[in-house]
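Since we're looking at a predicted model, the values are computed, not measured. In what follows, every heavy atom counts, from backbone to side chain, and hydrogens, waters and symmetry copies are set aside.
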There are 2 protein chains.
Amino acid sequence: MPASHSCITCAIRGPQCFCTLPALDLLDLDTIGAPHDIAANQTVLREGYSADRVYIICKGRIKISAASEGGRLLLVRIAGPGDVLGLASILRTTNHKVTAETIEPCQLKSIPRAAFIDFMRGSPDVSQNTALAVAREYEAALLSARRLALSTSAAGKLASALLDWARMNHIHNNEALEFAMPLTHEELACMAGLSRETVTRLLARFRVEGLVDQQGERMTLHEPAKLQSLYC
Amino acid sequence: MPASHSCITCAIRGPQCFCTLPALDLLDLDTIGAPHDIAANQTVLREGYSADRVYIICKGRIKISAASEGGRLLLVRIAGPGDVLGLASILRTTNHKVTAETIEPCQLKSIPRAAFIDFMRGSPDVSQNTALAVAREYEAALLSARRLALSTSAAGKLASALLDWARMNHIHNNEALEFAMPLTHEELACMAGLSRETVTRLLARFRVEGLVDQQGERMTLHEPAKLQSLYC
DNA sequence: CGCTTTCTTGAGAGAGATCAAGGGTAGTGG
DNA sequence: CCACTACCCTTGATCTCTCTCAAGAAAGCG
């Protein structure tokens with residue numbers, strides 16, 4: 001059981017990480033959370049279900065999506081270490097508005113609602129990080145909405161999805177953007193509100209036009225500006 | 001100058017209101033904010049500009065939107081008394097991601113970033129309300145994204161826009177939903193990601209089918225369930 | 001080396017955008 | 001009181017883009 005993760009010795013801190021906190025708060029965090037190891041392709045939160053706890057992601061990536069009854073899917077974002085799942089629902093005491101599924105083996109820390117609220121109210125830093133974490137979720141949702149509403153063409157939507165992904169995961173930024181693209185065409189389609197086939201066709205077109213290059217999981221956007229301009 | 005609004009005597013408190021706070025916090029709030037009266041059709045925040053203050057809405061409604069270079073528009077929500085503008089941007093220290101325009105004469109209270117952060121960190125209740133306010137923004141953005149991505153048909157998108165609006169502004173709920181609909185077809189189109197003409201045509205169709213009834217600004221949805229089912 | 005998952009490419013149809021022209025209503029000012 | 005303007009709504013015709021259906025290729029995995 002490697003689930004004995006300690007928040008105090010944890011290495012994954014960063015400006016985008018909820019658990020970047022003063023030592024005192026980390027001690028508290030360590031006591032109130034229950035660690036979990038979860039396999040890939042498991043559902044952590046299910047849309048529509050009541051929210052009684054939050055999950056802090058310690059390791060692994062988790063797909064955040066919303067679905068319609070008709071089976072249509074919207075991929076909102078991929079959450080990673082330092083993100084908190086279920087925050088907005090806990091705060092508002094509503095049902096979950098999204099579904100969260102692990103896409104690889106993950107290490108989470110679950111905290112019951114009441115304990116989390118106490119934890120938050122007990123420290124200004126925790127409060128601020130909580131608000132920040134929700135603000136990040138907000139921005140991801142807004143990006144999705146923008147993409148879907150403001151692009152007139154399918155090309156624009158896909159370009160926007162790729163650029164947004166690049167901004168969050170870029171490795172090099174020497175004019176061209178290079179990054180890991182683990183998403184399938186199906187998943188990109190769900191991000192951009194397109195059909196799988198259209199994504200395939202557009203990526204082929206982008207490749208021919210020299211805008212995009214893909215070797216395995218490594219994707220390069222050679223002319224971000226040109227892609228941007230498709231956004232219209 | 002009726003801009004001498006006091007937070008302590010202010011009547012518009014509610015569960016959805018940022019300024020529903022203990023008396024002590026209200027005293028603080030009263031000292032740090034500068035009241036403003038603003039005419040209709042004025043821009044309060046402009047997308048892309050840097051965020052140096054938040055605005056609490058005391059009176060009036062404000063349109064929150066995002067635009068593309070091509071002039072295309074997405075209407076995210078209509079904010080009202082008790083909402084806070086620019087919160088997410090202040091917290092993340094990014095540029096504004098949305099534009100806010102008054103749609104009627106408004107009374108606002110502006111608070112510089114530093115003062116607001118101090119205010120927030122100084123009280124658990126303010127912190128919690130801040131997080132809550134951002135969570136509400138998140139939910140609105142998510143609703144927009146859902147609507148745009150998950151509805152296959154234009155009818156579904158419009159139905160979803162109407163239902164979401166109804167949920168936020170309903171008056172009666174005796175099977176049928178009745179509410180004020182001050183939005184023009186153009187604005188509804190921006191909410192649903194459709195063209196103005198399509199909105200006109202669909203509303204006409206809904207009227208013929210007995211789903212929707214409109215008398216001036218008063219709109220009634222007679223069969224919410226049927227509208228819902230269009231969502232697919 | 002079969003099996004599943006993912007990608008590729010083609011052909012056809014339909015929904016909605018766009019363009020266009022006209023009508024209704026409210027506000028303004030002579 | 002009436003012209004005039006501005007804004008919004010309505011309806012029609014056309015055309016294009018993307019979805020859908022279909023059939024197969026490629027690639028990863030036990």
Side-chain angles (χ1 to χ4, degrees), chain A residues 39-41 63 68 70-75 101 103-104 147-162 181-209 212-219 230-232, chain B residues 39-41 63 68 70-75 101 103-104 147-162 181-209 212-219 230-232:
Chain A
N41 303 312
K63 203 198 297 190
S68 75
R72 222 177 159 71
L73 233 105
L74 162 65
L75 181 55
E101 296 161 283
I103 55 180
E104 52 194 16
R147 177 164 46 240
L148 295 161
L150 301 182
S151 309
T152 35
S153 65
K157 286 186 192 135
L158 182 59
S160 152
L162 293 177
M181 172 47 70
L183 302 180
T184 66
H185 289 187
E186 174 89 55
E187 289 168 319
L188 273 171
C190 288
M191 264 185 90
L194 301 171
S195 72
R196 184 177 42 80
E197 294 94 326
T198 299
V199 169
T200 301
R201 276 186 259 264
L202 283 171
L203 279 179
R205 190 186 114 192
F206 288 169
R207 208 173 304 130
V208 170
E209 292 174 351
V212 170
D213 208 32
Q214 195 167 12
Q215 321 251 354
E217 289 223 337
R218 199 139 251 66
M219 181 178 264
L230 291 172
Y231 188 84
C232 193
Chain B
N41 303 314
K63 202 198 298 192
S68 74
R72 219 175 161 73
L73 232 104
L74 163 65
L75 181 55
E101 296 161 284
I103 55 179
E104 53 194 15
R147 178 166 41 245
L148 295 161
L150 301 182
S151 308
T152 35
S153 66
K157 286 187 192 133
L158 181 59
S160 152
L162 293 176
M181 171 48 70
L183 303 180
T184 66
H185 290 188
E186 174 90 53
E187 289 168 319
L188 273 172
C190 288
M191 264 186 91
L194 301 171
S195 72
R196 184 178 42 78
E197 293 94 326
T198 299
V199 169
T200 300
R201 275 185 259 265
L202 283 171
L203 279 179
R205 191 187 113 190
F206 287 169
R207 208 173 302 129
V208 171
E209 291 175 350
V212 170
D213 208 33
Q214 195 168 10
Q215 321 250 354
E217 287 223 340
R218 200 138 251 62
M219 182 177 265
L230 291 172
Y231 187 84
C232 189

- Message: Checking the side chain of B/S160 only, and the main-chain atoms of B/G156 only, is there a donor and an acceptor separated by less than 3.5 Å?
- Response: no
- Taken to the nearest whole Å, CZ/B/R205 to P/C/dG16 is 9 Å
- Taking atom P of D/dA26 as reference, at what distance in whole Å does atom CG of A/L203 sit? 19 Å
- Message: If I take atom CG in residue B/L148 and atom C1' in nucleotide C/dG16, what distance separates them, rounded to the nearest angstrom?
- Response: 15 Å
- Query: Is the phosphate of D/dC7, meaning OP1 or OP2, less than 4.0 Å from a side-chain N or O of B/H185?
  - Reply: no
- Hey, which of B/T184, B/V199, B/L75 is the one that makes side chain to side chain contact (heavy atoms under 4.5 Å, CB included) with B/C190? B/L75
- Note on the structure: To the nearest angstrom, the CG-P distance between B/L202 and C/dG16 comes to 7 Å
- Among D/dT18, D/dC9, C/dC7, the one nearest B/R196 by side-chain distance: D/dC9
- CD of A/E197 versus C1' of D/dA22: gap in Å, rounded? 10 Å
- Which comes earlier along DNA chain D counting from the 5' end, the contact point of B/L183 or that of B/R201, where each point is its nearest nucleotide? B/L183
- Query: Closer to the 5' end of DNA chain C via nearest nucleotide, is it A/T200 or B/L194?
  - Reply: A/T200
- Just compare C/dA17, D/dT11, C/dG16 and give me whichever is closest to any side-chain atom of B/S195. C/dA17
- Task: Round to the nearest Å and state the distance from B/N41 atom CG to D/dA6 atom P.
- Result: 16 Å
- Measure from the side-chain heavy atoms of A/T184 and tell me the nearest of D/dT20, D/dC19, C/dT6. C/dT6
- Would you kindly give the CE-to-P distance between A/M181 and C/dC7, to the nearest whole Å? 11 Å
- Message: In the structure I gave you, are the side-chain heavy atoms of A/L74 and A/R72 within less than 4.5 Å of one another anywhere?
- Response: no
- Query: How far apart are the closest heavy atoms of A/F206 and A/A155, and which atoms are they?
  - Reply: CZ-O, 3.9 Å
- Query: Tell me, do A/L188 and A/L162 make a side-chain contact under 4.5 Å, heavy atoms counted?
  - Reply: yes
- Would you kindly give the CG-to-P distance between A/L73 and D/dC19, to the nearest whole Å? 15 Å
- Message: Of the options D/dC19, C/dT9, D/dT18, whose atoms approach the side-chain atoms of A/S153 most closely?
- Response: D/dT18
- Query: Any idea which of D/dC21, D/dC19, D/dT10 is nearest the A/T198 side chain?
  - Reply: D/dC19
